2 protein chains.
Amino acid sequence: MNAPQLTRNQSLVFDVLEKAEGPLSAYTILDKLRDQGFRAPLQVYRALEKLLEYGVVHRLESINSFVACAHPGEDCHSHGIVAFAICESCGQVIEFHDHEVDHRLMGWVRSQKFKPAKTTIEIRGTCEACAA
Amino acid sequence: MNAPQLTRNQSLVFDVLEKAEGPLSAYTILDKLRDQGFRAPLQVYRALEKLLEYGVVHRLESINSFVACAHPGEDCHSHGIVAFAICESCGQVIEFHDHEVDHRLMGWVRSQKFKPAKTTIEIRGTCEACAA
DNA sequence: ATTGCACACGTTATAGCATAACGCAATTGA
DNA sequence: TCAATTGCGTTATGCTATAACGTGTGCAAT
């Protein structure tokens, strides 16, 4: 799905994520948007739901946070499975697409007659800069 | 790390997970152990922390739940990265180990000079039995 | 033996993440 | 016009996880 014109709330949330250095939790986003009139978590979650649907934002399951897609203008859903390296020290996220990993995992699920819907690959650790 | 003798609380939590058909949340475990004297979430979380450390239980990040390792008696940490297929309908979990996927992902993180600590691979979808 | 340490445990409180349920307004298309 | 859809705002609630405190027990070093 490609992103249609974003609504005001969706734009605000997306802008916050784009300008952020790393992933943000929904409540952090909420705090950053209080001046813009945001009052409740649902305003953030509803916007995020759409942004995820449009493929312009990713959810990082292992840290309950959200990050803008590293490929501006594209729909990340078209890249196949996305893997993330998440630095537990500075929070920086590196995005990665690998067809071989896709192929391998999808081959396995098919052999199990399992029908995949959403795949998560997240590697937590320490980035080069933070590896003292 | 190999599992030493489990404490009472650790045994109780592990037993609940082993007897369960699928993954359980910490609070579900708590409810199942009220009769055994459990009163507070921390009792469950502390036991889980150890069981994860011993490699006899896995945490499923994408559904905030925990599941007993499919390889009784072994330490799953020694199998390399573990991937899970999680049925969103019946909750069943299939565990999977693939060295090629490991190799590919670890090759990538090394190329990024990223030092991996913990890797999560979770595929949510529908299992064979539930695929109507 | 006693001191000090490590560890498991219990309890209360609180923090952090996410959604249910209601109602309203604007838009669109039959 | 009417119905359906979508976004929005609000209140309330539920679920997930940890902080901070204190207790007891076992064990090793002195």
Side-chain angles (χ1 to χ4, degrees), chain A residues 1-17 20 22-54 56-67 86 88 91 118 120 122 124, chain B residues 1-17 20 22-54 56-67 86 88 91 118 120 122 124:
Chain A
M1 161 150 4
N2 224 347
Q5 191 58 37
L6 299 183
T7 67
R8 167 179 162 82
N9 283 6
Q10 288 160 18
S11 292
L12 287 168
V13 169
F14 184 65
D15 285 353
V16 165
L17 281 175
L24 301 177
S25 76
Y27 278 72
T28 302
I29 297 171
L30 174 58
D31 286 340
K32 288 180 182 293
L33 289 175
R34 295 230 182 251
D35 292 345
Q36 272 55 250
F38 274 48
R39 313 294 312 274
L42 259 194
Q43 295 176 281
V44 176
Y45 281 108
R46 288 205 273 233
L48 285 171
E49 187 179 12
K50 287 300 178 183
L51 295 171
L52 290 167
E53 192 179 317
Y54 302 152
V56 297
V57 161
H58 300 290
R59 168 185 226 124
L60 302 177
E61 313 272 5
S62 66
I63 57 172
N64 297 313
S65 293
F66 303 85
V67 68
I86 305 167
E88 290 176 312
K118 175 84 171 64
T120 297
E122 296 175 18
R124 285 162 328 280
Chain B
M1 161 151 3
N2 225 348
Q5 191 58 35
L6 298 183
T7 66
R8 168 179 160 80
N9 284 6
Q10 289 160 18
S11 292
L12 287 168
V13 169
F14 184 65
D15 285 353
V16 166
L17 281 175
L24 301 177
S25 76
Y27 280 75
T28 303
I29 297 171
L30 173 59
D31 285 339
K32 288 181 183 292
L33 289 175
R34 297 229 180 250
D35 292 346
Q36 273 52 251
F38 274 50
R39 313 295 314 272
L42 258 194
Q43 295 175 282
V44 176
Y45 281 108
R46 287 205 272 234
L48 286 172
E49 187 179 13
K50 287 299 178 186
L51 295 171
L52 290 167
E53 193 179 315
Y54 302 152
V56 297
V57 161
H58 300 290
R59 170 186 225 123
L60 301 178
E61 312 271 7
S62 65
I63 57 173
N64 296 314
S65 294
F66 304 84
V67 69
I86 306 167
E88 290 177 313
K118 175 86 171 60
T120 297
E122 296 175 17
R124 278 144 1 261

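To find a chain, count down the sequence lines: A is the first, B the second, and so on, and within it residues start at 1. The shown structure was predicted, so the numbers you read here are calculated from the model rather than taken from an experiment.
Whole-Å rounding puts the A:Glu61 CD to D:dC15 C1' distance at 16 Å. In this structure, CD of A:Glu49 is placed 9 Å from P of D:dG7, rounded to the nearest angstrom. Between A:Lys50 atom NZ and D:dT5 atom C1' the separation is 10 Å, expressed in whole Å. Atom pair B:Phe38:CZ and C:dA8:C1' shows a separation of 11 Å (rounding to whole Å applied). Between B:Asp31 atom CG and D:dT16 atom P the separation is 10 Å, expressed in whole Å. B:Leu42 has its CG atom 14 Å from the P atom of C:dA13, to the nearest Å. Note: CD (A:Gln5) to C1' (C:dT27) measures 16 Å, nearest angstrom. In this entry the distance linking CG of B:Leu12 with C1' of C:dG10 reads 15 Å, nearest Å.
Counting any heavy atom pair closer than 4.0 Å across all strands shown, A:Ala26 reaches no nucleic acid atom. Contacts of A:Arg39 with the nucleic acid, taken as non-hydrogen atoms under 4.0 Å apart, involve only primed sugar atoms and P, OP1 or OP2.
B:Leu12 contributes atom CG, which lies 13.5 Å from atom NZ of B:Lys32 (distance to the nearest 0.5 angstrom). Between the CG atom of A:Leu6 and the OH atom of A:Tyr54 there is a distance of 7.0 Å, given to the nearest 0.5 Å.
From one end of the helix from C:dA1-D:dT30 to C:dA30-D:dT1 to the other, with five pairs defining each end axis, the axis direction shifts by 30° (rounded to 10°).
Nearest to the side chain of B:Gln10, among D:dA17, D:dC8, C:dA8, sits C:dA8.
Look at B:Tyr45 and you'll find a side-chain N or O under 4.0 angstrom from OP1 or OP2 of D:dA17. The phosphate of D:dG9 has neither OP1 nor OP2 within less than 4.0 Å of any side-chain N or O from A:Arg8. Close to D:dG9, at under 4.0 Å from its OP1 or OP2, lies a side-chain N or O of A:Asn9. The phosphate of C:dC9 (OP1 or OP2) has a side-chain N or O of B:Thr7 nearer than 4.0 angstrom. Put simply, A:Arg59 has no side-chain N or O that comes within less than 4.0 Å of OP1 or OP2 on C:dC17. A sub-4.0 Å separation between OP1 or OP2 of D:dC15 and a side-chain N or O of B:Asn64 is absent. B:Gln43 has no side-chain polar atom (N or O) that falls below the 4.0 Å cut-off from OP1 or OP2 of C:dC9.
The existence of a salt bridge linking B:Lys50 and B:Glu53 is confirmed by a sub-4.0 Å separation between a basic side-chain nitrogen and an acidic carboxylate oxygen.
Nearest heavy atom pair, residue A:Gln10 against residue A:Leu51, reads O-CD1, 3.8 Å. Nearest heavy atoms, A:Val13 versus A:Ala47: CG2-CB, 3.7 Å.
Under a cut-off of 6.0 angstrom, the local environment of CD in B:Gln36 is crowded, with over 12 non-hydrogen atoms contributed by other residues, nucleotides or ligands.
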- [ ] Verify side-chain hydrogen bond (donor to acceptor under 3.5 Å, both in side chains) between B:Thr120 and A:Arg124, making sure each step is shown before the conclusion.
- [x] CA-CA 8 Å; B:Thr120 297; A:Arg124 285 162 328 280; 3.1 Å; yes
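Formation of a donor-acceptor pair under 3.5 Å by the A:Glu122 side chain with backbone atoms of A:Glu61 is found in this model.
Between A:Pro41 and B:Tyr27, the residue whose closest nucleotide on DNA chain C is further toward the 5' end is B:Tyr27. Comparing A:Ala40 and A:Ala47 by the nucleotide of DNA chain D whose heavy atom lies nearest to each, the residue mapping closer to the 5' end is A:Ala47.
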